[in-house]
Enquirer: 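Dropping the structure in here first, questions after.
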Number of protein chains: 2
Amino acid sequence: MVEDYPPFAVTVDIALLTIRAGELCALVVRRGEAPYRGRWALPGGFVRPDEDIEAAALRELREETGLSHGFHVEQLRTYGAPRRDPRMRTVTVAHLALAPDLTNPVAGTDAAEAEWRAVDTLLAARPGLAFDHGQILGDALERARAKLEYTPLGAAFCPEEFTVGELRRVYETVWGTAVDPRNFHRKVSKTPGFLVPTGETTTRDGGRPAQLFRRGSLEVLSPPLTRG
Amino acid sequence: MVEDYPPFAVTVDIALLTIRAGELCALVVRRGEAPYRGRWALPGGFVRPDEDIEAAALRELREETGLSHGFHVEQLRTYGAPRRDPRMRTVTVAHLALAPDLTNPVAGTDAAEAEWRAVDTLLAARPGLAFDHGQILGDALERARAKLEYTPLGAAFCPEEFTVGELRRVYETVWGTAVDPRNFHRKVSKTPGFLVPTGETTTRDGGRPAQLFRRGSLEVLSPPLTRG
DNA sequence: TCAAAAGTGTTAATTCTACACCCATGT
DNA sequence: ACATGGGTGTAGAATTAACACTTTTGA
């Protein structure tokens with residue numbers, strides 16, 4: 001009875017989001033084979049026989065970006081409709097990953113063509129992403145928007161050192177709304193643990209020099225920000 | 001290459017929570033076979049070859065409780081550590097389910113011994129639940145507590161018709177804190193869509209007669225309640 | 001008449017929102 | 001000098017938290 005179970009393929013797929021040129025973008029790869037040949041898909045792949053699921057997600061990220069740290073990764077949801085992959089019964093554990101603008105290092109070791117595309121465009125395009133990846137990307141976007149409201153996760157989109165104004169622009173991009181700079185500044189700077197000051201300042205955004213910060217502990221904390 | 005993938009077993013496990021006698025309880029089944037023979041485990045089982053994952057979870061619920069409706073069910077998280085089941089590589093899609101006090105109908109069609117046990121006790125017991133079910137139950141508890149704060153999900157623990165006082169006791173039980181009856185009453189009754197009045201009243205809780213309500217739409221809505 | 005729970009009113013504290021306003025730089 | 005974004009102050013609105021008080025029943 002132990003060996004008598006229906007076999008499934010288990011994969012991980014990753015909705016890796018970043019902000020480039022003021023747009024929320026996702027990393028997608030062009031499929032080289034059927035099914036969905038030529039269509040964009042989220043990066044992902046099989047979980048190996050002795051590999052933890054989270055480790056598989058991190059490995060895929062490393063393979064696609066060439067980088068092994070600096071991401072925030074969390075499990076999003078598992079998708080397993082019987083015919084979501086026409087070749088075989090496949091269950092995919094989708095992950096949400098957030099990263100700063102990685103500009104160059106996108107073409108990783110994987111042979112497939114990989115690109116950053118605006119999330120809006122990907123979700124609106126017909127035909128859309130391969131498999132159920134449009135659904136996954138939509139769910140990832142919803143999760144990211146929600147988590148920015150009650151966790152310091154916006155900082156995951158920022159580089160090592162960043163200003164409060166840069167952080168605010170992240171929120172404005174993800175939510176698609178304007179955020180009051182004065183109130184935002186107060187909110188984040190008085191939330192303990194959200195921002196770690198470096199002591200340095202920069203004028204790269206123009207105007208008066210702004211303090212530079214590093215991310216505090218991402219997980220856990222909760223600064224009630226507001227979308228409207 | 002298509003057929004050359006590592007095969008996994010895929011299961012669903014369900015943390016079914018309810019409130020009995022003022023205690024938050026979970027449905028557990030006694031394992032009849034190795035591994036973990038004699039230990040408590042969450043109900044669950046294999047996903048069938050042509051079955052959607054959510055359908056598998058609903059089927060398990062039906063098999064364990066004998067009931068096919070009246071639950072709230074949502075996917076919780078997927079657990080797939082390589083050696084979580086010593087027999088084979090198994091990935092389980094855990095679900096959180098909430099139900100009113102089902103008292104009698106617990107011994108479903110399944111042969112296994114099934115019981116309601118206090119969540120506290122299950123989480124504190126040594127040795128604990130079989131497999132990683134202690135972890136799953138802990139995560140389910142955390143999710144349930146969090147969702148009660150910003151969704152009308154507390155009503156999922158209540159019978160068809162209930163009073164505001166009964167609903168409040170649900171919150172107090174799940175959070176383990178006292179909640180001010182006056183403020184709670186205002187909050188839930190002025191949140192549109194949370195409660196649907198039946199027009200009836202009852203005195204079953206003693207004191208002045210209380211209005212009876214039905215659940216409004218569970219999902220979606222958000223009444224900012226408070227735990228402390 | 002009393003206890004017990006339902007439900008309403010009120011007030012002070014807190015938090016949010018929308019700005020006015022000053023600061024420190026590059027051009 | 002001035003445009004630009006950084007950052008602080010503040011007043012009014014909205015929300016929350018705490019609790020006095022009235023209502024309606026069963027015992």
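First the proteins, then the strands, lettered A, B, ... as listed; each starts at 1. Values below: every heavy atom of this structure, side chains too, minus hydrogens, waters and symmetry copies.
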Enquirer: Are any of A:Q211's side-chain N or O atoms less than 4.0 Å away from OP1 or OP2 of D:dG6?
Expert: no
Enquirer: With sequence neighbours left out, what residues match A:R204 under salt bridge (Lys or Arg N to Asp or Glu O under 4.0 Å)?
Expert: A:E166
Enquirer: Out of D:dT16, D:dC21, C:dA20, which nucleotide sits closest to the side chain of B:R182?
Expert: D:dC21
Enquirer: Can you give the donor-acceptor pairs under 3.5 Å from side chains of residues 120-134 of chain B to other protein atoms, not counting sequence neighbours?
Expert:
unit_1	atom_1	unit_2	atom_2	d
B:R126	NH2	B:L123	O	3.4
B:D132	OD1	B:R84	NE	3.4
B:D132	OD1	B:R84	NH2	2.9
B:D132	OD2	B:R84	NE	2.7
B:H133	ND1	B:L42	N	2.9
B:H133	NE2	B:D13	OD2	3.3

Enquirer: If you go through the side-chain atoms of B:D205, does one of them form a donor-acceptor pair with the base of C:dA6 closer than 3.5 Å?
Expert: no
Enquirer: In whole angstroms, how far is the P atom of C:dG7 from the CZ atom of B:F213?
Expert: 6 Å
Enquirer: Using OP1 and OP2 only, check whether a side-chain N or O of A:H185 sits under 4.0 Å from D:dG6.
Expert: no
Enquirer: Detail all sub-3.5 Å separations between protein N/O atoms and N/O atoms belonging to nucleotides 23-25 of chain D.
Expert:
unit_1	atom_1	unit_2	atom_2	d
D:dT23	O2	B:R208	NH1	3.2
D:dT24	O2	B:R208	N	3.3

Enquirer: What residues form a salt bridge (Lys or Arg N to Asp or Glu O under 4.0 Å) with B:E54, not counting sequence neighbours?
Expert: none
Enquirer: For A:F184 and D:dT8, give me the distance from atom CZ to atom P, rounded to whole Å.
Expert: 14 Å
Enquirer: Who pairs with A:D139 by salt bridge (Lys or Arg N to Asp or Glu O under 4.0 Å), at least two apart in sequence or on another chain?
Expert: none
Enquirer: By nearest atom, which of the nucleotides D:dG5, D:dG7, D:dT10 is closest to the A:R186 side chain?
Expert: D:dT10
Enquirer: Grab the CG-C1' distance between B:L167 and C:dG7 for me, whole Å please.
Expert: 15 Å
Enquirer: Applying the side chain to side chain contact (heavy atoms under 4.5 Å, CB included) criterion to B:R77, which one of A:R77, A:E74, A:Q75 satisfies it?
Expert: A:Q75
Enquirer: It should be established whether A:R168 places a side-chain nitrogen or oxygen under 4.0 Å from OP1 or OP2 of nucleotide D:dG6.
Expert: yes
Enquirer: Report the residue (A:N183 or A:R169) whose heavy-atom-nearest nucleotide on DNA chain D is the more 5′ of the two.
Expert: A:R169
Enquirer: Quick one: list whatever passes side-chain hydrogen bond (donor to acceptor under 3.5 Å, both in side chains) with A:E161, sequence neighbours left out.
Expert: A:R214
Enquirer: In whole Å, I'd like the distance from the NZ atom of A:K187 to the C1' atom of D:dG7.
Expert: 17 Å
Enquirer: Does B:W40 have B:R31 sitting over its ring (NZ/CZ under 6.0 Å from centre, angle to axis within 45°)?
Expert: no
Enquirer: Mind calculating the distance between NZ (B:K190) and P (C:dG9) to the nearest angstrom?
Expert: 10 Å
Enquirer: Could you state the atom-to-atom distance from CG of A:L195 to P of D:dG7 in whole Å?
Expert: 11 Å
